[in-house]
Asker: 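One structure coming up, written as structure tokens, with questions to follow.
Reminder, nothing fancy here: chain letters follow the sequence lines and each chain counts from 1.
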2 protein chains.
Amino acid sequence: MPIPKNDMTDSTVFTKHDHQLCIQEALDTAKEICKSNGLRLTDTRLRVLELIWQSHTPVGAYEILAKFSEEGRNSAPPTVYRALEFLQENNLVHRLASLNAFIGCIAPEHGHQGSFLICKKCSKAQELTSRELEKDIQALAGKQGFTVDNMTLEVSGVCPRCKAEA
Amino acid sequence: MPIPKNDMTDSTVFTKHDHQLCIQEALDTAKEICKSNGLRLTDTRLRVLELIWQSHTPVGAYEILAKFSEEGRNSAPPTVYRALEFLQENNLVHRLASLNAFIGCIAPEHGHQGSFLICKKCSKAQELTSRELEKDIQALAGKQGFTVDNMTLEVSGVCPRCKAEA
DNA sequence: TCTGCGATGTTACATTATAACGTTTGGCCA
DNA sequence: TGGCCAAACGTTATAATGTAACATCGCAGA
């Protein structure tokens, strides 16, 4: 695994960074993961993943569909949804339930849960990777005898950049 | 405010309890809150709230619409969605984004955020009211300069009852 | 009683997602 | 290499969820 040039777990989408690098690394990582797991990262799937990463904000399924259309692919919704399903299953993207939109996972190799800060001004979303938080939640659930399968945390608010501007 | 006969913040939907009491208390509390805040808890709104509380699992908007239809009201979607909007704004119900469904809030007077344990076997959902968790998340967000407006935490898993059965 | 605003009715439509079935493709093994 | 199977994709249709826009109603306060 190559050493990432942007440390995605420390930098945030709210701070300045080379997003081209993010995209490239995310795609490279995805390719590696699929290769080593015998998964087929097909053209459609790769392109969906790329479009998601290229966007600065979470992307809806029908936005992807529209891009496909612009590119001459005339696909129907199931094509996109199937690609998204594959990417989700393999932890390459997350779905933000509160937005009905998708975002690239910044740490697919960790199989962690998705937690997100979502700025309601600029619509950007930052994934959090807090093992602690996960443990706290596990503990809280455990107290009630509840076994956690997976969780989604979506925090809406204002990011530092938008705050600075206001 | 009357002393609740079920302590809703300690008991859970996963354990045995008198749900008729839950419903009655929830409706009474809602009436009080609306009264003291000059809000109109109309017939439609009250019935929507009641239907939500009567259900053992989170309820979709179109389920409510169907009940309305059974009851002779022939309402259109906006009627239900508007009632739901009102109830959400006044913290009487929460929307579970991961289910596109609604659930009664167990502590409307506290104006807290909603966190939920959702059992994927029986579909029941239990609201959590952990100030600590909220603070942790606030802190985590704060570290990135992010100001939290509101948050939704939805934990999917298996409840103690369903575990016992399996 | 009048009046104004908030609540509801009504129609139409937008957005998001999936079911069902046929066709293609890519890899595996004889 | 050729055939076969399963997985991926295409296609059509439709389900499920949610909202815009405008008309009407009704209640509370002047």
Side-chain angles (χ1 to χ4, degrees), chain A residues 30-31 34-52 55 57-69 71-90 92-103 123 152 154, chain B residues 30-31 34-52 55 57-69 71-90 92-103 123 152 154:
Chain A
K31 283 174 193 164
C34 288
K35 195 167 188 180
S36 63
N37 290 51
L39 301 167
R40 291 173 55 191
L41 188 56
T42 63
D43 190 46
T44 303
R45 291 166 175 176
L46 182 60
R47 187 67 186 126
V48 168
L49 183 60
E50 193 176 8
L51 285 172
I52 288 173
S55 171
T57 60
V59 188
Y62 279 75
E63 286 179 65
I64 294 170
L65 203 57
K67 290 270 185 191
F68 267 37
S69 178
E71 293 173 0
R73 312 187 186 227
N74 62 339
S75 304
T79 297
V80 169
Y81 279 100
R82 284 191 286 232
L84 288 169
E85 192 182 2
F86 170 87
L87 296 170
Q88 283 181 267
E89 277 169 0
N90 296 291
L92 297 168
V93 307
H94 291 285
R95 179 172 185 276
L96 299 183
S98 62
L99 300 179
N100 294 331
F102 300 84
I103 186 173
S123 300
T152 66
E154 300 177 23
Chain B
K31 283 174 194 165
C34 288
K35 195 166 187 181
S36 64
N37 290 52
L39 302 167
R40 291 172 59 188
L41 188 55
T42 62
D43 189 48
T44 304
R45 291 167 176 175
L46 182 60
R47 186 67 186 128
V48 168
L49 183 59
E50 193 177 9
L51 285 171
I52 289 173
S55 171
T57 60
V59 188
Y62 279 76
E63 286 179 65
I64 295 170
L65 202 56
K67 291 271 186 192
F68 267 36
S69 179
E71 294 174 1
R73 312 186 186 227
N74 62 339
S75 304
T79 297
V80 169
Y81 278 101
R82 284 191 286 232
L84 289 169
E85 192 182 2
F86 170 86
L87 296 170
Q88 283 181 269
E89 277 169 359
N90 296 291
L92 296 167
V93 307
H94 290 286
R95 180 172 185 275
L96 299 183
S98 63
L99 301 178
N100 294 331
F102 300 84
I103 187 172
S123 299
T152 66
E154 300 178 22

Asker: Would you list the protein and nucleotides 5-7 of chain C atom pairs, both N or O, that sit under 3.5 Å from each other?
Answerer:
{"from": "C:dA7", "atom 1": "OP1", "to": "B:R45", "atom 2": "NH1", "distance (Å)": "3.3"}
{"from": "C:dA7", "atom 1": "O5'", "to": "B:R45", "atom 2": "NH2", "distance (Å)": "3.3"}

Asker: Listed by chain and number, what are the side-chain hydrogen bond (donor to acceptor under 3.5 Å, both in side chains) partners of B:S98, not counting sequence neighbours?
Answerer: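 Result, side-chain hydrogen bond (donor to acceptor under 3.5 Å, both in side chains) vs B:S98: B:E154.
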Asker: What pairs of nitrogen or oxygen atoms, one from the protein and one from nucleotides 11-20 of chain C, lie under 3.5 Å apart?
Answerer:
{"from": "C:dA17", "atom 1": "OP1", "to": "A:R95", "atom 2": "NE", "distance (Å)": "3.2"}
{"from": "C:dA17", "atom 1": "OP1", "to": "A:R95", "atom 2": "NH2", "distance (Å)": "2.1"}
{"from": "C:dA17", "atom 1": "OP2", "to": "A:Y81", "atom 2": "OH", "distance (Å)": "2.9"}
{"from": "C:dA17", "atom 1": "O5'", "to": "A:Y81", "atom 2": "OH", "distance (Å)": "3.4"}
{"from": "C:dA17", "atom 1": "N7", "to": "A:Y62", "atom 2": "OH", "distance (Å)": "2.5"}
{"from": "C:dA17", "atom 1": "N6", "to": "A:Y62", "atom 2": "OH", "distance (Å)": "3.3"}

Asker: Flag yes if more than 12 heavy atoms outside A:N74 fall under 6.0 Å of its CG atom; otherwise flag no.
Answerer: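 No, CG of A:N74 has 12 or fewer neighbouring heavy atoms, counting only those of other groups under 6.0 Å.
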Asker: With rounding to the nearest 0.5 Å, note down the distance linking CD in A:E85 to CZ in A:R82.
Answerer: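 Rounded to the nearest 0.5 Å, the CD-CZ separation comes to 9.0 Å.
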Asker: First contact, last contact: which nucleotides of DNA chain D are these for chain A, 5' to 3', heavy-atom distance under 4.0 Å?
Answerer: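 Extent of the interface on DNA chain D: D:dA8 to D:dT12.
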Asker: Which residues pass the side-chain hydrogen bond (donor to acceptor under 3.5 Å, both in side chains) test with A:T79, sequence neighbours left out?
Answerer: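 With sequence neighbours excluded, A:T79 shows a side-chain hydrogen bond (donor to acceptor under 3.5 Å, both in side chains) to no residue whatsoever.
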Asker: What's the CG-P distance between A:D43 and C:dG26, to the nearest Å?
Answerer: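 A:D43 atom CG is separated from C:dG26 atom P by 11 Å.
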Asker: For the atom pair SG (A:C34) and CZ (A:F86), what is the distance rounded to the nearest 0.5 Å?
Answerer: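 Result: 4.0 Å between the selected atoms.
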Asker: Using five pairs at either end of the helix from C:dT1-D:dA30 to C:dA30-D:dT1, determine the angle between the two local helix axes and round it to 10 degrees.
Answerer: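 The angle separating the two end axes equals 20°.
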Asker: Quick one: is C:dG9 close enough that its OP1 or OP2 comes under 4.0 Å of any side-chain N or O from B:T79?
Answerer: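 It does, given that an N or O in the side chain of B:T79 lies less than 4.0 Å from OP1 or OP2 of C:dG9.
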Asker: Name every donor-acceptor pair, under 3.5 Å, that has one atom in a side chain of residues 38-49 of chain A and the other anywhere in the protein, sequence neighbours excluded.
Answerer:
{"from": "A:T42", "atom 1": "OG1", "to": "A:R45", "atom 2": "N", "distance (Å)": "3.4"}
{"from": "A:D43", "atom 1": "OD2", "to": "A:R73", "atom 2": "NH2", "distance (Å)": "3.2"}
{"from": "A:R45", "atom 1": "NH1", "to": "A:R40", "atom 2": "O", "distance (Å)": "2.6"}
{"from": "A:R47", "atom 1": "NE", "to": "A:E71", "atom 2": "OE1", "distance (Å)": "3.2"}
{"from": "A:R47", "atom 1": "NE", "to": "A:E71", "atom 2": "OE2", "distance (Å)": "3.0"}
{"from": "A:R47", "atom 1": "NH1", "to": "A:E50", "atom 2": "OE1", "distance (Å)": "3.1"}
{"from": "A:R47", "atom 1": "NH2", "to": "A:E71", "atom 2": "OE2", "distance (Å)": "2.4"}

Asker: With a 4.5 Å cut-off on side-chain heavy atoms, are A:N100 and A:R95 touching?
Answerer: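 In short, these two side chains touch, coming nearer than 4.5 Å.
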Asker: Can you tabulate the close N/O pairs, meaning under 3.5 Å, that link protein atoms to atoms of nucleotides 22-24 of chain C?
Answerer:
none

Asker: Just distance, no hydrogens or angles: give the donor-acceptor pairs under 3.5 Å from side chains in residues 57-67 of chain A, sequence neighbours left out.
Answerer:
{"from": "A:E63", "atom 1": "OE2", "to": "A:G60", "atom 2": "N", "distance (Å)": "3.0"}

Asker: Nearest 0.5 Å please: distance from the CG atom of A:L92 over to the CD1 atom of A:I52.
Answerer: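 CD1 of A:I52 is found 9.5 Å from CG of A:L92.
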